[in-house]
Every structure is written in C-alpha cells, then in structure tokens.
Amino acid sequence: MTAYSNITENSSIDSVMEDLGRGAKEAARILSQSPTDAKNTALLEAAKSLRENCPAILEANAKDMQAAEEKGTAAAFLDRLKLDESRVEAMAKGLEDIAGLKDPVGDVIADWDRPNGLEISRVRVPLGVIGIIYESRPNVTADAGALCLKAGNACILRGGSESFHSTRAIWDCLQDGLQKAGLPGEAIQIIPTTDRAAVGKLLTMAETVDVIVPRGGRNLIERVQKESRIPVFSHLDGLVHMYLDKQADPQKSIDLVFNSKMRRTGICGSLETLLVDEQVVESHLKPILDRLIDGGCEIRGDEQIQAADDRVKAATEVDWQTEYLDAILSVKVVSGLEEAVSHIDTYGSHHTDCIVTEDDAAAAKFLGDVDSAIVLHNASTQFADGGEFGMGAEIGISTGKMHARGPVGVEQLTSFKYQVKGTGQTRP
C-alpha cells in the first residue's frame, strides 16, 4: 500500500478512500507507540525538505495562482492561496516549532488512589486517524500534518481544489521527513482527487477515521456537519467583533482597529464588525475612519457612522452577519457594554471578540459575558492563532464546545484513557 493512491480507470473513489483509511489506521497504531525522537526527526527533516524544495513549491503554487486568477478569484482569496519564500520559510519554522513542543502522548493528566488501594491515572493518548478538509490555504497541509504527527495521529488531508498542486508539493516534503525518520508514509496522506465525492466518502468512514476537522467557509462546514457520521471539530466563520468602550484609549483604538482589520484581511481573525460606544463617537471615531479609509478599507455603517463621515456607505442587516475576509468593515454605534455584548451574541460566530478599554471592571465583564472561543482585552484580534498562542501551529480554531475549543494544537489532538493498577482487588 502506498501513501498516495492514484485513481485510475480500474479503481473507484470508494476503493481508493478505503485504502487510504486502512493505511491510516495501521499507521496510527504504529505512531501511538513511536518514540518522540522519531516524530521530531520526521518534522525536522520535513522542514529541511521544505527549504530545499522551495523553488518547486513556488512553481506548483504559481500553477494554482494562475488557475485561480483566470477564474476571477477575489483578491482576499488569492492572498490566502499565494505562497512566497517567506511563507514557505514560515511553514518550515512552524514544523521546527512543533518539534520543539512537549510530546503530549503519555502525559499523566491526573492520578489518585482509592481507599481500596486502586491506583488510577488519566493519561493522554492520540485520537487515532484524523480527516482534515480545508480550503485555499496550502500552508494548512504542513501545519495539519505536523500537528497530527506530533500528537501520534495519522491523518488524511483534503486540501481545496484550488490549491491542489501546492498541497502535493508540500506533502512531498512531509513524506520525505517520514521516510528519513523510518515512520510509515501512510501517517500523512492526501486525497488524490478534487472530486467532491471523495469528501462524501471520507465523512462515512467511521471504521477507520476517528475525527473530522473541517476548515473553510460556511458551505463546507454545514455540509460536513450534515453528512458526517464521525465526530467533528468545527471551525465556523470568523465573524470577529471589537468593542470600543467609553474608557478606550484613543491611540490604542486607532492602532488596534487598523491592525485587526488590515494586517491581513483574509484570515479568520480579521476584524469584521466594530462596535463604538456612543460616548466616544465624537472623540475617537474620525481618526479611526481616516486611518482605515486611507489604508484602502471600505466602511459600511449605521446612520450615526454615516453622519460622522460622508465616505461611509450604508450598512444593511446582512452586513452584521457577514464575514467579509476583505478590506470591508461594518461599524455600529452602541449605547454601552450591554448592547455590545447583545449584538455579539446575536450576530457573532463564537470565534474571536475583543474589548478596548482602560476600565478593568468593564474588561472583566466582557471577557466573562462574551461566549466566544477567544476573547481579548486591548490586543489585536489577529492574535487569534495557535502559533501566536505558543502552540507552534494550529489546524483551526474550533468554535464548538465539545473536547476542543479555540486553537486546535497538539494537545487538543489527543484524548485520554484511564489506567487502573491494583494488587488483586475484587469488587464486593
């Protein structure tokens, strides 16, 4: 069995996917017992291969970029798809960072003794086989493969059709690392077709796949949630909010809003809706709008925001519900903290939300009341990233509440089991 099965006239999507599943299951069994040194060697060798093969990766990416441009793909989408030398280097560095993390497998989370002498331990173990479905960003191939490997899991990756060539080139480097470390190539596999039927099949492979992680737009997430027979870690829309409290520092407000929106508009931590306390509209708003508009951002606002600047377009109900992933920001005036939290609760996606204030009590209330995976105080929403959290990288940001929430890194890709040691005790 190979780690990359080709679909030919004599094979069906179902049979190829089943082969991938069987290979992954066997690889997961091996990985669960593999020493940390072997996993780290694979990661470090893969990082070296990424650097050595950077020209080939960029050539593959150029094919994907050309095809996407010919389709008239939006600029924000192209930014997520594009690779350059610095982004390839970031992938390599990410693999090295993951290699440097503590291996979670075998960690004793808790232990205790019972009155009858039983010794009980809760111990971290790999999840098994993880199916990961993602769109546009080819760097997810490296991040996801590396995180799964470090946590002792095998994975089956399905990148978006638009990044097909880039994904294959990056995967080749991961395979190089596995081979040099003496680990099975089936530990990291990619689905060798852009046919959507392969995704449908993956979602039914409960006998060989333990968890599905979708990372993409709402249509993808909804399809996975509807069709999957396997537990899902969902990464929903990043409908990110920032609330400028009445005690917000003016300069911090300008800097944080601009960075949160414009550093990279196409990532899930990009700010999409700004809520401004009515008490700071006159003092804070104009400099913020000037900075954004001068930087190329379109503003869509309510009547008060429009009255403050005639360059602002009228916001509609749809704008409060939209993840733009583009240089567009919706802005609304609110009466205070309670209305801000209510707006976020109504329209938010429970991903990332922020308050800007010098009032510690207001900050504490916001952090406690807003039910999102990540809540921030006086920090850019673009820090909503596993790498920035010290996790090395992330597969995605889970907006659900079961098992993993927030950035899904190495530790979140493990489960646990109970080990019970006795001396011959029988239950009365």
Taking atom [atom1] of [X] and atom [atom2] of [Y], what is their separation to the nearest 0.5 Å?
{"X": "H241", "Y": "T273", "atom1": "NE2", "atom2": "OG1", "answer": "4.0 Å"}
{"X": "E162", "Y": "F77", "atom1": "CD", "atom2": "CZ", "answer": "3.5 Å"}
{"X": "M17", "Y": "L203", "atom1": "CE", "atom2": "CG", "answer": "8.5 Å"}
{"X": "I57", "Y": "T167", "atom1": "CD1", "atom2": "OG1", "answer": "11.0 Å"}
{"X": "L118", "Y": "Q425", "atom1": "CG", "atom2": "CD", "answer": "4.5 Å"}
{"X": "I188", "Y": "Q175", "atom1": "CD1", "atom2": "CD", "answer": "7.0 Å"}

So, for [X] and [Y], which heavy atoms are closest and what is the spacing to 0.1 Å?
{"X": "N378", "Y": "K252", "result": "ND2-NZ, 3.9 Å"}
{"X": "P214", "Y": "V232", "result": "CD-CG1, 3.6 Å"}
{"X": "G128", "Y": "N153", "result": "N-OD1, 2.8 Å"}
{"X": "V209", "Y": "L202", "result": "CG2-CD1, 4.0 Å"}
{"X": "Q189", "Y": "L20", "result": "NE2-O, 2.9 Å"}
{"X": "S34", "Y": "L183", "result": "OG-CD2, 3.6 Å"}

Run the salt-bridge test on [X] and [Y] with the 4.0 Å N-O cut-off and return the result as yes or no.
{"X": "E272", "Y": "K261", "value": "yes"}
{"X": "K48", "Y": "E45", "value": "yes"}
{"X": "R124", "Y": "E411", "value": "yes"}
{"X": "R405", "Y": "D371", "value": "yes"}
{"X": "K102", "Y": "D107", "value": "yes"}
{"X": "R22", "Y": "E207", "value": "no"}

Side chains of [X] and [Y]: does their closest heavy-atom pair fall under 4.5 Å?
{"X": "R80", "Y": "L325", "result": "yes"}
{"X": "E323", "Y": "H351", "result": "no"}
{"X": "L31", "Y": "P126", "result": "no"}
{"X": "R137", "Y": "I267", "result": "yes"}
{"X": "D111", "Y": "E119", "result": "no"}
{"X": "P138", "Y": "L81", "result": "yes"}
{"X": "V356", "Y": "D249", "result": "no"}
{"X": "C297", "Y": "F258", "result": "no"}

Full working for side chain to side chain contact (heavy atoms under 4.5 Å, CB included) between I395 and R215: CA-CA 8 Å; I395 287 181; R215 177 171 177 170; 5.5 Å; no

Taking [X] for its side chain and [Y] for its backbone only, find out whether a donor-acceptor pair lies under 3.5 Å.
{"X": "S342", "Y": "E338", "result": "no"}
{"X": "S32", "Y": "R29", "result": "yes"}
{"X": "S228", "Y": "I230", "result": "yes"}
{"X": "S380", "Y": "Q382", "result": "yes"}
{"X": "K332", "Y": "D302", "result": "no"}
{"X": "N40", "Y": "D37", "result": "no"}
{"X": "T73", "Y": "A68", "result": "yes"}
{"X": "S161", "Y": "T194", "result": "no"}
{"X": "S121", "Y": "V108", "result": "no"}
{"X": "N139", "Y": "M91", "result": "no"}

Steps toward side chain to side chain contact (heavy atoms under 4.5 Å, CB included) verdict (D176, D172): CA-CA 6 Å; D176 188 33; D172 285 340; over 6 Å; no

[Y] versus [X], side-chain donor and acceptor atoms under 3.5 Å:
{"X": "S86", "Y": "D84", "answer": "yes"}
{"X": "D255", "Y": "N259", "answer": "no"}
{"X": "S270", "Y": "T265", "answer": "no"}
{"X": "N61", "Y": "S166", "answer": "yes"}

Would one find more than 12 heavy atoms of other residues, nucleotides or ligands at under 6.0 Å from atom [atom1] of [X]?
{"X": "F383", "atom1": "CZ", "result": "no"}
{"X": "E339", "atom1": "CD", "result": "yes"}
{"X": "K93", "atom1": "NZ", "result": "no"}
{"X": "R229", "atom1": "CZ", "result": "no"}
{"X": "E388", "atom1": "CD", "result": "yes"}
{"X": "E59", "atom1": "CD", "result": "no"}
{"X": "R264", "atom1": "CZ", "result": "yes"}

Parallel, tilted or perpendicular: ring planes of F416 versus Y418, cut at 30 and 60 degrees: perpendicular

Derivation and outcome, side chain to side chain donor-acceptor pair (under 3.5 Å), residues E70 and Q66: CA-CA 6 Å; E70 289 173 353; Q66 181 179 353; 3.2 Å; yes

V408/V213 under side chain to side chain contact (heavy atoms under 4.5 Å, CB included): CA gap, chis, key distance, verdict: CA-CA 10 Å; V408 178; V213 181; 5.7 Å; no

Trace of the side chain to side chain contact (heavy atoms under 4.5 Å, CB included) decision for C354 with L256: CA-CA 10 Å; C354 174; L256 290 174; 5.6 Å; no

Working for side chain to side chain donor-acceptor pair (under 3.5 Å), residues D245 and T357: CA-CA 5 Å; D245 180 59; T357 186; 2.6 Å; yes

Residues in side-chain hydrogen bond (donor to acceptor under 3.5 Å, both in side chains) contact with D277, at least two apart in sequence or another chain: Y243

